[in-house]
Structure formats: C-alpha cells, structure tokens
Protein chains: 2
Amino acid sequence: MTETPLPKDAAYNPICTVDAVLLTIEGDCLKVLLHRRPKAPFEGCWALVGGYIHRDEDQGVLEAVQRILRDKAGLPALHLEQLQTYSGPKRDPRGWSVSVAHLGLVPRAQLELPQDPDVLLTDVEELPELAFDHRTILDDAVARLRGKSAYSTLPASFLDALFTLPELHRAYEIVLGVKLDPSSFRRKALDRGMIEDSGEMRTDGSRRPAKLYRLCAPAQTFDQTFAPQQW
Amino acid sequence: MTETPLPKDAAYNPICTVDAVLLTIEGDCLKVLLHRRPKAPFEGCWALVGGYIHRDEDQGVLEAVQRILRDKAGLPALHLEQLQTYSGPKRDPRGWSVSVAHLGLVPRAQLELPQDPDVLLTDVEELPELAFDHRTILDDAVARLRGKSAYSTLPASFLDALFTLPELHRAYEIVLGVKLDPSSFRRKALDRGMIEDSGEMRTDGSRRPAKLYRLCAPAQTFDQTFAPQQW
DNA sequence: GCAATAGTGTCTTTTAGACACTATCTG
DNA sequence: CAGATAGTGTCTAAAAGACACTATTGC
C-alpha cells in the first residue's frame with residue numbers, strides 16, 4: 001500500500017497547522033475573513049487565516065490562533081472556540097496533515113482590516129474557490145454557528161458589549177436566516193435571564209431611543225430554542 | 001523566552017496522537033475503557049485508548065482511532081465522533097503535543113475485552129488517576145454525551161439495533177442522570193419520529209413482552225429536550 | 001400631527017409533566 | 001388470580017407563536 005514502509009509504532013508527526021473561520025456581520029450579511037496565499041501550495045488562492053504553531057510562545061492551539069489573528073488582522077480578544085480537526089493524507093499536497101480549525105466571531109467595528117488586496121471580507125453565500133478543504137471547514141463553521149445560535153447567546157458576539165434589543169433581534173435573524181417575531185424574541189431574551197438592562201439609552205438617528213442591554217453571562221446556553229419549531 | 005530560538009515561520013510539527021473515550025453502559029452505570037500504559041511516559045499509569053497515526057493506512061484521524069480500537073479492544077464499527085483537540089507544550093513530557101480526542105459509544109455486548117489485567121472497564125464516577133490530561137478529556141467527553149443526549153438519539157448507541165422502549169428509557173435515565181416520566185418519554189420518542197416499530201417482540205424473562213423498535217435514522221437531533229426543564 | 005421604531009398585552013395552540021388507568025405476560 | 005412490567009389516556013400548567021395595541025422620539 002505504501003512504497004516506503006514505516007515502523008508502525010514509531011512516532012510519526014503529520015504537518016500540523018491551525019486555521020480560523022473569522023465571521024462578522026456587515027450589511028445584514030454573515031461575512032468571513034479570507035486572505036490570498038502568498039506561496040505554494042495553492043499560491044494565489046483564497047484561504048482561511050491560519051498558520052503554524054510556535055512551540056516557544058504558544059500555550060495551546062487556541063493561543064496560536066489568537067496570535068495569528070492578532071498579526072494578520074490586528075484583532076483584540078474576541079469570541080473564539082475550537083471547531084473541529086481536519087486530517088488526512090491528501091488534503092495538503094505536502095503530505096499527511098492535521099489542521100485544528102477554530103470559529104471566531106467579532107463585531108464588525110472591532111475588525112481592523114489592512115488596506116490590502118490580498119485580504120477579503122466576503123459574504124459566506126458568495127465565496128470564491130478556496131485552498132485545501134477550507135470550503136468544507138467554512139461550511140461546517142457556519143453550520144455550527146447556526147445550530148448553536150438557536151439555543152445560546154452566540155449571536156451577541158457580533159455586537160458590542162452594550163446593545164439594544166432590536167439589534168440583538170436582528171443578529172439572531174441574520175445568523176439563523178429566518179424572521180423572528182419581535183415580541184416573542186423579546187420575551188424569551190428577558191425571561192431566560194440572558195440580558196440585563198444597563199440603565200443607558202441609545203438614540204442612533206432613529207426615532208424612539210432604545211434601552212441598552214448587556215449579556216448577563218459571556219456565554220450561555222438554553223434548553224429552549226430561539227428558532228421556530230419546524231426550522 | 002526560549003533557549004534555542006526557532007525560525008518562526010518554519011513548519012514545526014508537534015507530537016501528534018489520537019485518543020478515544022470509549023463509553024458503554026453496564027449494570028446501570030456509565031463505564032469507560034482504560035488501559036495501563038506499558039511504557040514511558042506515565043509507564044504503568046491508566047490511560048485512555050490511543051496511539052499514533054499510521055500515514056500509510058489511515059485516511060484521517062477517525063480511521064486511525066477505528067484501527068486502534070479494533071487492535072486494542074477487538075471492536076467492530078460503532079458510534080464514533082470527534083470530541084476536541086487537546087494541545088500544549090506541557091501535557092506530554094516529551095514536548096509540544098496535540099491529541100485529537102474522540103468519543104465512542106458501544107453496546108456492552110459488542111465489547112470483546114481481552115482477559116488482561118492491563119485493560120479496565122470502570123465506572124466514570126470511580127476513576128483511578130489517569131496519565132496526561134486524560135482526566136480532563138474524559139470529563140469533557142461525559143459532559144458532551146450528557147449535553148447532546150438531551151436532544152438527540154445518542155443514548156440509543158448503547159443499545160443493540162433492536163430495543164424495547166423501556167430499555168431506551170433506561171439508557172436516557174442513566175446517561176442524563178435523572179428520572180424521566182415513562183409516559184412522557186414514550187410520547188416524545190414516538191411523536192418525534194425517533195423510533196419505528198419493528199413488528200417483533202421480546203420476552204426476556206420479565207412478565208409482559210415488549211415491542212422491539214429501531215431508530216428511524218442512525219443519528220438525529222431535536223429542538224425539544226428529553227431532559228426536564230430545570231435540568 | 002405623522003412617520004417610524006421601541007416596547008407591551010393578550011389570545012390560541014402546542015408541549016411538558018404528572019399520574020391514574022388499562023393490558024398482557026409468568027407462575 | 002397475583003404480581004410485575006408494558007403501554008394508554010387525560011388533566012393541568014407552562015411555553016410558543018401570532019398579532020393587535022401602546023409609547024416615545026424626530027420632523
């Protein structure tokens with residue numbers, strides 16, 4: 001099966017990288033951060049943000065991703081969680097490889113993107129061709145976000161620390177891809193102890209000012225879903 | 001910070017392994033398969049089942065775990081999913097390492113364990129000390145099983161292909177760690193299209209024989225939970 | 001006042017939980 | 001028939017969804 005038999009029980013370490021699916025909301029759409037690969041393999045092809053682990057400074061794969069995002073997208077701390085690990089002998093032409101993929105969510109305003117034609121923030125529905133199996137990773141990331149958002153505070157990660165209830169409502173609609181009844185949404189968000197009144201108000205050009213809320217806990221999950229039943 | 005500076009952007013591949021948290025139900029308890037490590041590091045210490053990737057035969061980390069389980073526990077195909085990847089410079093004394101952990105569920109009857117004092121099937125509530133960060137991995141695995149079981153068919157993976165409704169009911173109770181009302185449970189399982197009548201019956205020593213059901217789909221998730229509200 | 005968005009109240013249907021009840025087997 | 005487990009029916013309370021309604025701003 002192989003031309004150069006290897007000692008079966010010896011340590012063999014595949015190529016090991018980390019990747020991040022960095023998502024944000026812009027213009028009522030879910031968007032993802034891509035960059036053009038400067039070198040082979042897949043030179044010139046769009047890809048997720050990623051890189052190698054630095055053994056001397058990274059305390060884990062999460063920290064490696066944070067460092068890479070800081071260097072490549074000038075990002076502060078944000079919601080970041082491990083997604084899944086992708087592996088196999090063929091996904092990287094250089095050989096057997098492992099990539100630990102992560103899901104990152106940021107408010108658009110906190111994203112400081114360089115003026116660089118090799119950096120792209122694009123709608124997840126209008127993707128260019130991607131390097132490696134990055135299309136699969138991205139699809140899995142969006143599916144995870146959708147699934148988890150139905151019963152968690154995840155979409156609030158796209159908003160600033162203080163936000164209005166209609167803003168939260170809109171974030172859930174964009175992420176879940178469905179219209180949600182404003183009244184039911186408000187009731188659920190408040191009754192579940194998801195958000196608390198900050199005492200402040202916001203008057204952003206619109207007509208009636210809205211109360212500003214904040215999350216009670218940074219990340220929370222619920223038994224009942226925000227999404228409609230037959231979703 | 002490091003004594004031997006490394007080229008920061010060069011490929012550096014950590015030690016890479018796969019591990020499996022293999023769970024089953026025996027005697028109304030959740031149990032996990034452990035084995036005693038034959039060599040350093042952690043020689044003689046109990047650990048999860050795991051090993052290295054074989055680049056010439058494994059098509060991915062999942063297949064690597066399947067191969068290792070086949071070799072070490074004589075296991076056929078079973079419910080196996082990726083759990084999470086654990087990493088860092090200190091979890092393995094040999095250096096920066098990555099372990100892709102998996103969650104496996106098997107009916108007890110399908111587990112063929114060798115008569116070997118270095119293989120142990122133990123209650124997850126009564127664990128010996130474990131090597132590496134395997135205790136953390138195991139705790140995460142049980143938490144994932146619990147969480148997912150509340151709104152999925154996962155506990156059915158502990159049963160044979162044909163099972164009675166009371167058996168399914170009991171599996172959910174053991175996994176979730178709570179009493180569930182038999183009537184409500186039955187209604188939910190049937191109304192959601194989770195199981196279908198096989199037409200057969202089982203008369204295992206008890207009094208009234210019970211209908212045998214099978215899953216409609218191998219793995220399914222639901223909006224509503226099987227667990228009680230304030231769980 | 002009008003337009004527009006923020007926020008409330010309430011009615012109907014569905015679902016959950018509790019639990020009493022019936023059914024079918026073994027001995 | 002008694003005991004035990006399998007399975008059904010039904011009542012009540014909570015939650016979801018729909019939607020009419022009121023409130024507060026800018027112009």
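Within every chain, numbering begins at 1; the chains are lettered A, B, ... in the order of the sequence lines, protein sequences first and strands thereafter.
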*Under 4.0 Å between a Lys/Arg side-chain N and an Asp/Glu carboxylate O for A:Glu167 and A:Arg202?*
yes
*Describe the nucleic acid contact of A:Thr203 in one word from base, sugar-phosphate, nothing, applying a heavy-atom distance below 4.0 Å.*
nothing
*Taking atom types as they are modelled, is there a donor-acceptor pair under 3.5 Å from the base of D:dG9 to the side chain of B:Ser183?*
yes
*Taking only N and O in the side chain of B:Arg208, is any of them less than 4.0 Å away from OP1 or OP2 of D:dA4?*
no
*Just how large is the angle between the end axes of the helix from C:dG1-D:dC27 to C:dG27-D:dC1, five pairs per end, to 10 degrees?*
0°
*Using the closest heavy atom to pick a nucleotide of DNA chain C for each, name whichever of A:Ser184 or A:Pro209 lands nearer the 5' end.*
A:Pro209
*Scan A:Arg202 against the nucleic acid and name what it touches under 4.0 Å (heavy atoms): base, sugar-phosphate only, or nothing.*
nothing
_Distance criterion of 3.5 Å, no angle test: do you see the side chain of A:Arg207 paired donor-to-acceptor with the base of C:dA4?_
no
*Starting at CG of A:Leu180 and ending at C1' of C:dA6, how long is that distance when rounded to a whole Å?*
17 Å
_Can you see whether A:Ser198 engages A:Arg214 through a side-chain donor-acceptor pair at a distance of less than 3.5 angstrom?_
no
*Contact class for A:Thr164 vs. all strands (heavy atom < 4.0 Å): base, sugar-phosphate, or nothing?*
nothing
*asked:* Checking contacts here: which listed nucleotide (C:dG17, D:dT8, D:dA6) is nearest the side-chain heavy atoms of B:Arg187?
replied: C:dG17
